[in-house]
Colleague: 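Can you read through this structure? Questions will come right after.
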Amino acid sequence: MEKVIVYQVFTRLFGNRNLSRKEYGTIAENGCGKMADFTPQVLKEIKEMGVSHVWYTGVIRHATQTDYTSYGIPRQHPAIVKGKAGSPYAITDYYDIDPDLAMDVKQRMKEFEALVERTHQAGLKVIIDFVPNHVARQYHSICKPKKVKDLGETDCQEHGFDPQNNFYYCPGQVFTPYFDLYQGEKEPYYEMPAKATGNDHFDNAPGKTDWYETVKLNYGVDYYAGKVGCFDPIPDTWLKMTDILLFWAKKGIDGFRCDMAEMVPAEFWQYATTIVKKKYKHLVFVGEVYNPYEYRHYLAAGFDWLYDKVGMYDTMRSVICGNTSTHSISHAWQQTDDIRDHMLYFLENHDEQRIASDFFAADAKKGVPAMIALLLMQQNPFMLYAGQEYGERGMDKEGFSGHDGRTTIFDYWSIDTLCRAASNKLTSEEKALQDIYTKTMQLACNEKAVSEGVFFDLMYVNPHLQRQYAFLRHVKDELLLVVVNFDSADATIDVHIPEHAFDYLQMREKKAIAVDLLTKEKLAMSLKKDGGIRMEVNANSGRVWKIKL
């Protein structure tokens with residue numbers, strides 16, 4: 001059984017080695033990463049970390065302020081583009097590849113197909129974004145297959161809602177957002193009638209914090225009547241979006257990370273995933289769902305993995321920052337224990353602040369115990385965001401993305417740690433962090449106790465542990481005792497193992513020599529029912545003791 005480890009790369013940033021880093025810089029000034037930067041050697045190195053899937057974020061063509069009209073690509077009005085590069089979640093053509101990522105713009109789709117092939121040859125699987133809830137305000141497909149009608153092409157714009165429309169409208173009202181509609185252009189951006197905005201803003205005047213650059217797609221849900229579903233006959237948007245999923249599945253990809261999946265009705269997902277998986281059985285659907293009460297609903301609708309954000313991520317962040325006890329980790333996993341194999345654990349992604357940022361922990365090492373625990377405590381998937389393994393701080397002020405502890409998704413930029421890693425200029429601390437990440441991911445992949453074994457939480461018999469977290473993993477004649485220390489000081493602790501653990505895991509009492517798989521240190525220990533094991537655990541670190549039974 002494979003341990004799934006997803007490596008998220010922001011494709012535009014990953015391979016960019018331009019060090020200009022000019023605030024609000026253009027692509028000419030700051031450069032841009034390319035699909036070609038993922039060479040066989042780069043992919044080999046990603047695979048050797050223990051990664052199973054690469055999530056290429058932002059490959060489908062989206063709104064940008066860069067002018068590609070010479071290639072027949074429509075220009076976007078800058079008033080409705082966030083940042084010079086634009087948001088990868090404001091799609092302008094579901095059937096096209098972002099020209100920024102291509103060495104030869106005219107060959108951009110062929111370059112993407114070659115990237116999929118290279119990734120597979122490296123033994124890795126490919127995940128791309130599917131953005132189902134909203135599109136860019138000036139969405140227009142120039143690459144759609146023949147006979148495919150464009151989104152909104154046949155809409156009746158006189159109706160605020162029509163189950164067969166692709167968009168929601170504000171009949172008779174002009175789009176009048178909070179900002180200047182000129183943004184340096186001779187002509188203002190004009191939209192009449194105004195369309196509803198992507199974050200369920202159903203009037204013609206979105207504010208600064210709204211997703212004003214996007215328009216909401218209509219899946220047959222009448223928000224004006226209190227979210228009434230009108231699904232018979234099948235809404236036109238269902239058919240079009242299912243065709244888009246099939247188009248990309250045919251390219252040989254292995255999965256979709258579905259943006260804001262819970263803003264789209266589960267009934268659509270049931271319909272679409274059934275059709276897609278019937279033809280492409282291997283495909284996985286990863287859902288960005290934040291409401292725990294909806295988890296099981298969306299899993300039943302065909303999702304394979306769901307973000308564990310408001311449960312495990314928020315809990316781990318609170319523990320790292322010293323705001324709650326490690327016992328809350330046990331509570332977090334218990335809330336999803338019946339669906340644990342479907343919960344995607346992570347500590348960073350493009351939406352969240354970097355661990356090392358001043359807004360989170362201000363020190364990447366403080367995330368190490370959480371990383372060890374999340375990788376080893378269950379069999380479910382884990383996600384790593386490129387740069388996290390080096391302690392990327394995300395403290396740049398890039399342009400539209402300000403000084404917020406996140407790596408920009410709106411601007412042309414290059415990532416400091418990724419640039420220095422490529423030229424072998426990491427600090428000793430960064431190399432040490434990379435080493436512990438790599439070792440732990442490889443353990444998660446190679447140790448059967450992790451990929452196949454049973455999990456046993458030890459916290460209920462260790463109430464004295466407030467900054468440490470301990471658990472067992474067991475398979476056949478192998479036992480792992482994992483203990484992590486969230487404290488910024490070294491700790492000498494006693495970990496009690498209850499009689500119930502011996503019964504549940506069918507273990508016998510014995511004396512053994514345990515080996516720490518992270519350091520190769522050895523420790524003589526006596527495994528006794530209701531006995532204790534004393535050990536030293538370094539600050540912001542962990543022990544993975546392996547015991548042969």
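Given the structure is predicted, the values throughout are model-derived calculations rather than measurements. Start at 1 with the first residue, then count along the sequence.
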Colleague: Does any pair with a residue in residues 74-115 pass ring-ring contact (aromatic ring centres under 6.0 Å, His included), and if so which ones, sequence neighbours excluded?
Modeller: Y89-H350, Y94-Y139, Y95-F247, F112-W248
Colleague: Applying side-chain hydrogen bond (donor to acceptor under 3.5 Å, both in side chains), can you list everything that pairs with S52, at least two apart in sequence or on another chain?
Modeller: none
Colleague: Is there side-chain contact between D254 and H120, with heavy atoms separated by less than 4.5 Å?
Modeller: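 Yes, their side chains come closer than 4.5 Å.
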Colleague: Does any non-hydrogen side-chain atom of P235 lie less than 4.5 Å from one of P163?
Modeller: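 P163 vs P235: side chains apart.
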Colleague: Taking the side chain as everything from C-beta on, heavy atoms only, tell me whether S401 gets closer than 4.5 Å to I409.
Modeller: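 With C-beta onward as the side chain, the pair stays apart.
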Colleague: Please check if the side chain of D37 supplies one atom and the backbone of K34 the other of a donor-acceptor pair under 3.5 Å.
Modeller: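 Present.
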Colleague: Tell me whether the guanidinium CZ or amine NZ of R317 lies under 6.0 angstrom from the six-membered ring centre of F360 and within 45° of its axis.
Modeller: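 Satisfied, under 6.0 Å and within 45°.
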Colleague: Indicate the atoms forming the closest heavy-atom contact of T214 with H134, along with that distance.
Modeller: CG2-CD2, 3.6 Å
Colleague: Could you tell me which non-hydrogen atom of L375 sits nearest to which non-hydrogen atom of A444, and how far apart they are?
Modeller: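 Result for this residue pair: O-CB, 3.9 Å.
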Colleague: With sequence neighbours excluded, give me every salt bridge (charged side-chain N to carboxylate O under 4.0 Å, His left out) pair touching residues 99-111.
Modeller: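 Sorted pair list: D96-R108.
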Colleague: With sequence neighbours excluded, give me every salt bridge (charged side-chain N to carboxylate O under 4.0 Å, His left out) pair touching residues 294-304.
Modeller: K277-D304, R296-D338
Colleague: Only counting residues at least two apart or in another chain, list the ones meeting side-chain hydrogen bond (donor to acceptor under 3.5 Å, both in side chains) with Y295.
Modeller: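 Y295: no side-chain hydrogen bond (donor to acceptor under 3.5 Å, both in side chains) contacts found.
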Colleague: Do M49 and Y437 have side chains that get closer than 4.5 Å, going by heavy atoms?
Modeller: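 Result no, sub-4.5 Å side-chain heavy-atom pair not found.
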Colleague: What closest approach, in Å, do D411 and F400 show between heavy atoms, and which atom pair accounts for it?
Modeller: OD1-N, 2.9 Å
Colleague: How long is the span from the SG atom in C258 to the CH2 atom in W269, to the nearest 0.5 Å?
Modeller: 4.0 Å
Colleague: Between Y56 and T119, do the side chains contain a donor N or O and an acceptor N or O under 3.5 Å apart?
Modeller: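 The answer is yes; a qualifying pair exists.
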Colleague: Parallel under 30°, tilted from 30 to 60°, perpendicular over 60°: which one fits the rings of Y169 and F167?
Modeller: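 Y169 vs F167 ring planes: perpendicular.
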Colleague: Salt-bridge test for E153 and K240: reply yes if a basic N is under 4.0 Å from a carboxylate O, no otherwise.
Modeller: no
Colleague: Report yes or no: does D222 contribute a side-chain atom to a donor-acceptor pair with the main-chain N or O of V228 at less than 3.5 Å?
Modeller: no
Colleague: Pick from K250, K251, R118: which one makes a salt bridge (charged side-chain N to carboxylate O under 4.0 Å, His left out) with E113?
Modeller: K251
Colleague: Strictly by salt bridge (charged side-chain N to carboxylate O under 4.0 Å, His left out), give each pair with a member in residues 279-289 just once, sequence neighbours left out.
Modeller: R257-E288
Colleague: Taking only residues two or more places apart in sequence, or in another chain, which ones meet K47 in a salt bridge (charged side-chain N to carboxylate O under 4.0 Å, His left out)?
Modeller: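 In terms of salt bridge (charged side-chain N to carboxylate O under 4.0 Å, His left out), with neighbours along the sequence ignored, K47 is linked to no residue.
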Colleague: Mind checking the CG-CG spacing from D150 to D93? Nearest 0.5 Å is all I need.
Modeller: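 The CG atom of D93 is 7.5 Å from CG of D150, to the nearest 0.5 Å.
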Colleague: Only one of E348, E392, Q388 clears side chain to side chain donor-acceptor pair (under 3.5 Å) with R354; which?
Modeller: E348
Colleague: How far apart are the C-alpha atoms of F130 and F285, what are their side-chain angles, what is the distance that settles it, and do they pass the side chain to side chain contact (heavy atoms under 4.5 Å, CB included) test?
Modeller: CA-CA 9 Å; F130 176 59; F285 283 79; 5.8 Å; no
Colleague: Would you please classify the geometry between the H282 ring and the Y280 ring as parallel, tilted or perpendicular, with 30° and 60° separating the classes?
Modeller: perpendicular
Colleague: When the ring planes of Y168 and Y224 are compared, do they come out parallel, tilted or perpendicular, using 30° and 60° as the limits?
Modeller: perpendicular
Colleague: Could you pull out all residues at least two apart from R406 that satisfy salt bridge (charged side-chain N to carboxylate O under 4.0 Å, His left out)?
Modeller: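 D404.
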Colleague: Enumerate the residue pairs fulfilling salt bridge (charged side-chain N to carboxylate O under 4.0 Å, His left out) with a member in residues 137-147, sequence neighbours excluded, ordered by first and then second residue.
Modeller: R137-E191
Colleague: Mind running side chain to side chain contact (heavy atoms under 4.5 Å, CB included) on N133 and D259 for me, showing each step along the way?
Modeller: CA-CA 7 Å; N133 175 67; D259 185 67; 5.7 Å; no
Colleague: Does F179 form a ring pair (Phe, Tyr, Trp, His ring centres under 6.0 Å) with Y212? I'd like the steps, not just the answer.
Modeller: CA-CA 10 Å; F179 52 81; Y212 59 78; 4.6 Å; yes
Colleague: Once salt bridge (charged side-chain N to carboxylate O under 4.0 Å, His left out) is applied, do any residues pair with D155, and if so which ones, sequence neighbours excluded?
Modeller: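 So D155 forms no salt bridge (charged side-chain N to carboxylate O under 4.0 Å, His left out) with any residue.
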Colleague: How about NZ on K82, more than 12 heavy atoms from neighbouring residues, nucleotides or ligands closer than 6.0 Å, or not?
Modeller: yes
Colleague: Centre-to-centre under 6.0 Å for Y223 and F161, is that the case here?
Modeller: no
Colleague: CE/M343 to CG/N380 distance, rounded to the nearest 0.5 angstrom?
Modeller: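 Taking CE in M343 and CG in N380, the distance rounds to 8.0 Å.
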Colleague: Indicate the atoms forming the closest heavy-atom contact of M377 with F455, along with that distance.
Modeller: O-CD1, 2.7 Å
Colleague: Any heavy-atom pair between the side chains of P88 and F10 that's under 4.5 Å?
Modeller: yes
Colleague: For A272, which residues count as a side-chain contact (heavy atoms from CB on, under 4.5 Å) partner, sequence neighbours excluded?
Modeller: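 For A272 the side-chain contact (heavy atoms from CB on, under 4.5 Å) partners, ignoring immediate neighbours, are T242, L245, F268.
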Colleague: D457: what forms a salt bridge (charged side-chain N to carboxylate O under 4.0 Å, His left out) with it, not counting sequence neighbours?
Modeller: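 Scan of D457 (salt bridge (charged side-chain N to carboxylate O under 4.0 Å, His left out), adjacent residues dropped) gives none.
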Colleague: Would you say L283 and I253 make side-chain contact, with heavy atoms under 4.5 Å?
Modeller: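 In contact.
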Colleague: For the NZ atom on K216, are there more than 12 heavy atoms of other groups (residues, nucleotides or ligands in this structure) within a distance under 6.0 Å?
Modeller: yes
Colleague: Using a 4.5 Å cut-off on heavy atoms from C-beta on, say whether the side chain of V174 contacts that of N204.
Modeller: no
Colleague: Determine, stepwise, if the pair W333 / T315 fulfils side chain to side chain contact (heavy atoms under 4.5 Å, CB included).
Modeller: CA-CA 10 Å; W333 71 254; T315 297; over 6 Å; no
Colleague: Would you give the length of the straight line joining atom OH of Y313 to atom CG of D308, rounded to the nearest 0.5 angstrom?
Modeller: 12.5 Å
Colleague: Measure the OG-CD distance between S328 and Q334 for me, rounded to the nearest 0.5 Å.
Modeller: 11.0 Å
Colleague: When rounded to the nearest 0.5 angstrom, what distance separates CE in M312 from CZ in F346?
Modeller: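 Reported value, rounded in 0.5 Å steps: 11.5 Å.
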Colleague: Which is it for K309 and D314 under the side chain to side chain contact (heavy atoms under 4.5 Å, CB included) test, yes or no, and what are the steps along the way?
Modeller: CA-CA 6 Å; K309 198 276 180 191; D314 285 353; 3.0 Å; yes
Colleague: Quick one: does any side-chain atom of R473 pair with a main-chain N or O of A449 as donor and acceptor, under 3.5 Å?
Modeller: yes
Colleague: So, E262 and Y307: side-chain donor and acceptor under 3.5 Å apart, yes or no?
Modeller: no
Colleague: So with a 6.0 Å cut-off around CE of M103, is the heavy-atom count from everything else above 12?
Modeller: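 Open: at most 12 neighbouring heavy atoms sit under 6.0 Å from CE of M103.
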Colleague: Taking the side chain as everything from C-beta on, heavy atoms only, tell me whether C32 gets closer than 4.5 Å to Y412.
Modeller: yes
